[in-house]
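Since this is a predicted model, take the numbers as computed values, not measurements. Lettering of chains follows the sequences in order, A, B, ..., and the numbering in each one begins at 1.
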Protein chains: 2
Amino acid sequence: MPRASAAAAAQTAEEILRSAIRLLAERGFAEVSIDEVARDAGVTRGAVYHHYANRLGLFTAVAGALQAAVARSVVSAAESAGDAPEQQLRAGCHAFLDAITSASTARTLLVDAPSVIGWSIWRAQDAQNSAAELRLALAEVGVEAELVDPTTAQLSGAMNDAALWISEQPDRAAAREAAHRVLDRLIDAILPRTPR
Amino acid sequence: MPRASAAAAAQTAEEILRSAIRLLAERGFAEVSIDEVARDAGVTRGAVYHHYANRLGLFTAVAGALQAAVARSVVSAAESAGDAPEQQLRAGCHAFLDAITSASTARTLLVDAPSVIGWSIWRAQDAQNSAAELRLALAEVGVEAELVDPTTAQLSGAMNDAALWISEQPDRAAAREAAHRVLDRLIDAILPRTPR
DNA sequence: CTCCTTTACGTACTATGTGTATGTAACAGA
DNA sequence: TCTGTTACATACACATAGTACGTAAAGGAG
C-alpha cells in the first residue's frame with residue numbers, strides 16, 4: 001500500500017479511533033485487541049501503533065473523545081438554561097445523564113475508564129472537563145466550601161450509576177424518567193435551603 | 001513436595017486468596033499476574049489453577065470475599081440501630097462507607113470488579129448482598145415503588161464515589177467526616193417528608 | 001492392612017497478544 | 001531533483017494465560 005498524504009493519514013487515525021470506540025462500547029477494553037481494531041479499521045497493527053503510543057494510549061484517546069462530547073452537551077445545556085445558578089446546575093446534571101446514556105458511551109466512560117486509566121488519574125482528567133462545571137455550579141449555588149468536593153464526588157457518582165442503571169433497563173424512556181426524578185430530589189437536598 | 005491433607009489444602013487455597021487480595025488492592029487486576037500471586041503465596045501456578053478455575057475465577061473469589069465482609073458490617077450496624085427503618089437506613093449507609101474505606105478494598109470492589117466481572121453481572125451479584133439491604137430499607141422507608149430501583153442505584157453510586165474520594169484524600173478522618181455529612185443530606189432528600 | 005481411586009499439587013508446553021525493531025515507498029519541502 | 005521525514009507494513013521478541021500431563025500422597029472401601 002503506497003504511503004498516504006497528511007490528510008489521508010489524519011483520516012486513517014480517525015477511522016482507527018471510530019473502530020475502537022465502537023468495539024470498546026460493544027465488548028469492553030479487556031475483550032478488544034489492537035489487532036481487532038486494526039482489522040476493523042482496514043489497516044494493520046503497524047498503523048495503530050504509528051498513530052497511538054500503545055493500547056492504553058488508544059484507549060485514552062477514545063475516552064477523551066467521548067468525554068469531550070459529553071462535556072459539550074453539558075456546557076451547552078447549562079448555558080441555555082438562563083442565568084440562575086440553580087437552573088444551570090439542574091440543566092447540566094440532566095444533560096449529563098441524557099448525553100451519557102444516549103450514545104453507547106456509558107460502559108467505556110464509566111466502567112472501563114476508571115479501571116484502565118486508573119481512578120485517580122481519570123478523575124483528575126475529568127476534573128478538567130464536566131466535573132469542573134459541576135464543582136463550580138455547586139459552589140455558586142451555595143454549598144459550603146469544605147463540602148464542595150465530597151458533594152461533587154457523590155452527585156457525580158449518583159449520576160454515573162443512574163446512567164449505568166438506565167442503560168440496562170428494557171424500557172429506556174421510563175427508566176430515564178424515573179432516574180431524572182430521583183436526581184432532582186438529590187439536587188434538592190444539596191441546595192442550601194429548598195422548600196417544597 | 002508431598003501432597004497435602006484436606007485441611008492443608010484448604011489453607012493453601014486461603015493463602016492464595018490472601019495474597020491475591022493484597023496484591024489486587026495494591027496494584028489492581030491488570031497489573032497482577034497469576035504467577036505473581038502464586039509466588040507471593042509460596043506455591044506454583046499449578047496450585048492456583050487447581051483451586052481456582054482461572055484468573056477471573058480467582059478475582060471473583062476475591063471480590064466475593066470482600067463483598068461479604070462489607071455486607072456483614074452493614075447488616076450488623078443496621079441491626080443494632082434500633083427498629084425505626086430510617087435509623088436502620090442511615091446506620092447501614094454510614095457503615096457501608098466506613099467498611100469499604102477502612103480496609104483497602106475500595107479499589108478492588110468499586111473500580112476493578114465492575115470492569116473485570118462486568119457491570120451488570122456484578123450488580124446482580126451485589127443485589128443479593130448489601131444492595132438488597134439498601135433496596136429493602138428504601139422501600140420500608142416509604143420510597144415510591146417505581147423509584148426504589150433508581151434510588152438504590154443513585155444512592156449506591158453516591159456512596160461508592162464517596163468512598164473512592166475519601167480513599168485519596170490526605171486527611172482521611174476529615175474527608176470521612178465531610179462525606180458523611182453530605183451523605184446525610186442525600187438521605188434526607190430521599191426520605192418522603194423530612195422537616196429540618 | 002492393602003489396594004485403588006481421587007486429590008493436590010508441580011512441570012512442561014501451547015497459544016495469544018503486546019510491544020518493538022526494521023524495512024520501504026511515497027510525500028513534501030529545499 | 002534530491003533528501004529527510006512520514007505513514008505505514010512486516011517480522012520478531014517477550015510475557016502471560018491456559019492446558020495437558022505427571023506424580024505422590026491422602027483417604028476411604030474391602
*Given atom CD1 of B/Ile16 and atom C1' of C/dG10, what is their separation to the nearest angstrom?*
12 Å
*With B/Gln169, which residues qualify under side chain to side chain contact (heavy atoms under 4.5 Å, CB included), at least two apart?*
B/Trp165, B/Ala175
*Select one nucleotide: of C/dT11, D/dT10, C/dA8, the one nearest the side-chain heavy atoms of A/Thr44.*
D/dT10
*How many Å lie between NE2 on A/His50 and P on C/dA21, as a whole number?*
16 Å
*Going by the ring-ring contact (aromatic ring centres under 6.0 Å, His included) test, which pairs reach into residues 66-111 of chain A, not counting sequence neighbours?*
A/His94-A/His180
*For the pair made of CD in B/Gln11 and C1' in C/dC9, what is the distance, rounded to whole Å?*
15 Å
_Using side-chain heavy atoms (C-beta onward) and a distance below 4.5 Å, is A/Ile187 in contact with A/Glu86?_
no
*Nearest-Å distance, CZ (B/Arg39) to P (D/dA15)?*
12 Å
*Separation of B/Leu58 atom CG from D/dA17 atom P, in whole Å?*
11 Å
*With hydrophobic residues grouped by side-chain heavy-atom distances under 4.5 Å, do A/Val148 and B/Val182 end up in a single group?*
yes
*Considering just the side-chain nitrogens and oxygens of A/His51, establish if one lies under 4.0 Å of OP1 or OP2 belonging to D/dA7.*
no
_Between B/Ile190 and A/Arg185, is there a side-chain heavy-atom distance shorter than 4.5 Å?_
no
*side-chain N/O B/Thr12 vs C/dC9 OP1/OP2, d < 4.0 Å*: yes
Quick test: give all pairs of protein nitrogen or oxygen and nucleotides 18-22 of chain D nitrogen or oxygen below 3.5 Å, distance rounded to 0.1 Å.
{"residue": "D/dG18", "atom": "OP2", "partner": "B/Tyr49", "partner atom": "OH", "Å": "3.2"}
{"residue": "D/dG18", "atom": "OP2", "partner": "B/Arg55", "partner atom": "N", "Å": "3.1"}
{"residue": "D/dG18", "atom": "N7", "partner": "B/Arg45", "partner atom": "NH2", "Å": "2.8"}
{"residue": "D/dG18", "atom": "O6", "partner": "B/Arg45", "partner atom": "NH2", "Å": "2.4"}

*Could you tell me whether B/Glu140 and B/Arg135 have a side-chain N and a carboxylate O separated by less than 4.0 Å?*
no
_Can you measure A/Glu14 atom CD to D/dA7 atom P for me and round it to whole angstrom units?_
15 Å
_Length of the CD-P vector between A/Glu36 and C/dT16, whole Å_ = 14 Å
